[in-house]
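Notes follow the structure.
Only this structure's heavy atoms are used, side chains among them; waters, hydrogens and symmetry mates stay out. Here, residue 1 is the first one in the sequence, and each next residue gets the next number.
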Amino acid sequence: MTTTRMPALFIGHGSPMNALADNARTQAWVALAATLPKPRAILMVSAHWTTRGTAITGNASPKTIHDFGGFPQALFDMRYPAAGAPELAQAIAAHLAPLPVRLDDAWGFDHGSWSVLIKMFPQADVPLMQLSIDATQPAAFHFALGQKLSALRDQGILLMGSGNVVHNLSRMVFNDAPAHDWAVRFNDRVRQTLLGPAPEELVNFAEWGQDVALAVPTDEHFLPLLYVIGSRRDDEPLAIFNDVVELGAISMLSVVVGAIPSA
C-alpha cells in the first residue's frame with residue numbers, strides 16, 4: 001500500500017464485452033495496472049451512474065450491477081466482489097463540503113466500473129467506491145469537483161473516470177468499416193487539447209462546433225474525464241493510450257494523469 005501521490009486515470013471502457021475479451025485495449029488496462037502500487041482504495045466516476053445531486057456508495061458489500069441487455073449469459077454471471085469503504089466514503093463526503101454528498105447504500109458497481117477493474121485488479125482486493133455524476137450540473141462543476149478530489153490522490157486513493165469521449169451507439173458501424181469523420185475529428189481535438197498547454201479547455205467541449213452533437217449526444221460518457229483532468233496539478237505529466245475509435249463511433253482514448261510511482 002502507498003501514501004505516495006497516486007496517478008488519476010480516465011479509461012475509455014467501450015463495450016461491456018471487454019470484461020470477457022482479451023484484446024489490445026484490455027491488455028493495455030492490464031499492463032497499466034501492473035505499473036501501479038496497490039492503492040489504499042479506488043474512487044470511480046462511471047458514466048453509468050447519473051443522479052440528481054451527488055452521491056457516493058456507502059455500503060460495505062456493494063452488488064455487481066448488470067446494467068445492459070442482449071449480451072451472453074457469461075457476462076451476466078460475472079461478479080466483482082470488491083469491498084466497499086463506508087468510513088472512507090463518509091470522509092470523502094465531508095471533504096467535499098459544503099457540497100452535499102449523499103451516502104448511497106442501494107447502488108453498487110455498474111459495468112462502467114467493474115468491466116474495467118475486473119481486468120486491472122482481478123483479485124478485487126482493493127476497496128472500491130463510486131461517485132455519481134450529478135446530471136443537473138454543467139461541465140465546469142464536474143471539473144471543479146475533480147479539483148477538490150485531487151487531495152485524495154495524496155492519501156493513496158486511485159481516482160478513476162470511466163466513459164468514452166466519443167460515444168454514439170446509434171451511429172455504430174460494423175464489418176471493419178472506417179470511423180465516422182466527425183468521430184475522428186472530435187477525438188483528435190480531445191487529444192490535442194489534452195496534450196496542449198491548457199487541458200482545462202475540455203470544459204468547453206460543448207462549444208466545439210457541429211461535431212459535438214454526434215460525438216457527444218449526451219454528456220455522461222464525457223464528464224468522467226473532467227474529474228480526472230480537474231485533479232491534475234500544473235506540473236504533472238499527462239499520457240494517452242488506447243487512442244482508437246472503435247465501431248465507427250466509440251472512442252477508447254484513455255488518459256494517465258501524474259507520474260506512476262514505483263511499487
Side-chain angles (χ1 to χ4, degrees), residues 1-2 6-49 57 61-85 107-131 153 156-167 169 172 220-221 224-225 227-228 239-247 250-258 260-263:
M1 191 170 292
T2 182
M6 293 292 290
L9 311 176
F10 172 77
I11 305 296
H13 67 243
S15 168
M17 287 297 291
N18 281 320
L20 293 171
D22 179 16
N23 57 42
R25 255 58 72 198
T26 63
Q27 290 168 14
W29 300 346
V30 172
L32 173 60
T35 69
L36 299 172
K38 187 174 182 179
R40 172 188 175 196
I42 298 169
L43 180 63
M44 174 70 78
V45 180
S46 166
H48 294 279
W49 191 24
T57 52
S61 300
K63 62 188 176 183
T64 302
I65 302 172
H66 300 86
D67 49 337
F68 43 70
F71 290 100
Q73 184 60 41
L75 196 58
F76 291 91
D77 291 340
M78 297 188 85
R79 298 292 183 273
Y80 192 71
W107 197 253
F109 306 144
D110 58 61
H111 82 269
S113 179
W114 66 261
S115 69
V116 172
L117 294 177
I118 207 165
K119 296 293 189 180
M120 295 185 68
F121 299 95
Q123 300 304 313
D125 57 352
V126 178
L128 173 61
M129 301 157 288
Q130 285 198 206
L131 185 73
R153 296 173 50 202
I157 297 173
L158 180 61
L159 176 63
M160 295 185 65
S162 177
N164 298 98
V165 299
V166 176
H167 185 265
L169 299 182
M172 291 192 303
E220 76 284 345
H221 275 76
L225 175 60
Y227 288 77
V228 172
I240 290 173
F241 67 102
N242 278 355
D243 186 10
V244 63
V245 178
E246 294 186 333
L247 301 174
I250 307 293
S251 169
M252 297 298 288
L253 182 149
S254 302
V255 182
V256 180
V257 167
I260 302 292
S262 58

Leu117 versus Phe109: any side-chain heavy-atom pair under 4.5 Å? no

Just checking, is any N or O donor in the side chain of Gln73 or Asp77 under 3.5 Å from an acceptor N or O on the other one? yes

Side chains of Ile42 and Leu159 in contact at under 4.5 Å (non-hydrogen atoms): no

Could you walk me through whether Met120 and Leu32 pass the side-chain contact (heavy atoms from CB on, under 4.5 Å) test, one step at a time? CA-CA 8 Å; Met120 295 185 68; Leu32 173 60; 4.2 Å; yes

Could you check Met44 against Leu128 for side-chain contact (heavy atoms from CB on, under 4.5 Å), going step by step and ending with a plain yes or no? CA-CA 7 Å; Met44 174 70 78; Leu128 173 61; 4.1 Å; yes

Using side-chain heavy atoms (C-beta onward) and a distance below 4.5 Å, is Phe241 in contact with Val255? no

Are Val126 and Lys38 packed together at the side-chain level, in the sense that at least one heavy-atom pair is separated by less than 4.5 angstrom? yes

Residue pair Phe10 / Pro224, side-chain heavy-atom distance below 4.5 Å: yes

What pair of heavy atoms forms the shortest contact from Gly14 to Ile250, and how long is it? CA-CG2, 4.2 Å

Does Ser115 reach the main-chain N or O of His111 with its side chain, forming a donor-acceptor pair under 3.5 Å? yes

Closer than 3.5 angstrom, by distance alone: can the side chain of Trp114 be matched with the main-chain N or O of Ile65 as a donor-acceptor pair? yes

Any pair with a residue in residues 20-34 that passes salt bridge (Lys or Arg N to Asp or Glu O under 4.0 Å), sequence neighbours left out, goes on the list, sorted by first then second residue, please. Arg25-Glu246

For a 4.5 angstrom cut-off between non-hydrogen side-chain atoms, does Leu75 reach Met17? yes

Can the ring centres of Phe76 and Phe68 be said to be less than 6.0 Å apart? yes

Checking Lys119 side chain against Ala21 main chain: does a donor-acceptor pair fall under 3.5 Å? yes

Taking side chain as C-beta onward, heavy atoms only, is Ile240 less than 4.5 Å from Leu253? yes

Tested for side chain to side chain contact (heavy atoms under 4.5 Å, CB included) against Ile11, the lone hit among Leu225, Asn164, Val116 is Val116

When you measure from the side chain of Ser254 to the backbone N and O of Met252, does any donor-acceptor pair fall under 3.5 Å? yes

Rounded distance [0.5 Å steps], OH in Tyr227 versus OG in Ser162: 13.5 Å

Main-chain N/O of Ile157 paired to Arg40 side chain as donor or acceptor, under 3.5 Å: no

Say you draw a straight line from CG of Asn242 to CH2 of Trp29; how long is it, rounded to the nearest 0.5 Å? 7.5 Å

Verify side-chain contact (heavy atoms from CB on, under 4.5 Å) between Ile260 and Leu36, making sure each step is shown before the conclusion. CA-CA 6 Å; Ile260 302 292; Leu36 299 172; 3.8 Å; yes

List the steps, then state whether side-chain contact (heavy atoms from CB on, under 4.5 Å) holds for Tyr80 with Met78. CA-CA 7 Å; Tyr80 192 71; Met78 297 188 85; over 6 Å; no

Reference residue Asp110; test side-chain hydrogen bond (donor to acceptor under 3.5 Å, both in side chains); the match among Gln130, Lys63, His48: Gln130

Shortest non-hydrogen contact between Pro7 and Leu158, atoms and distance: O-CD1, 3.3 Å

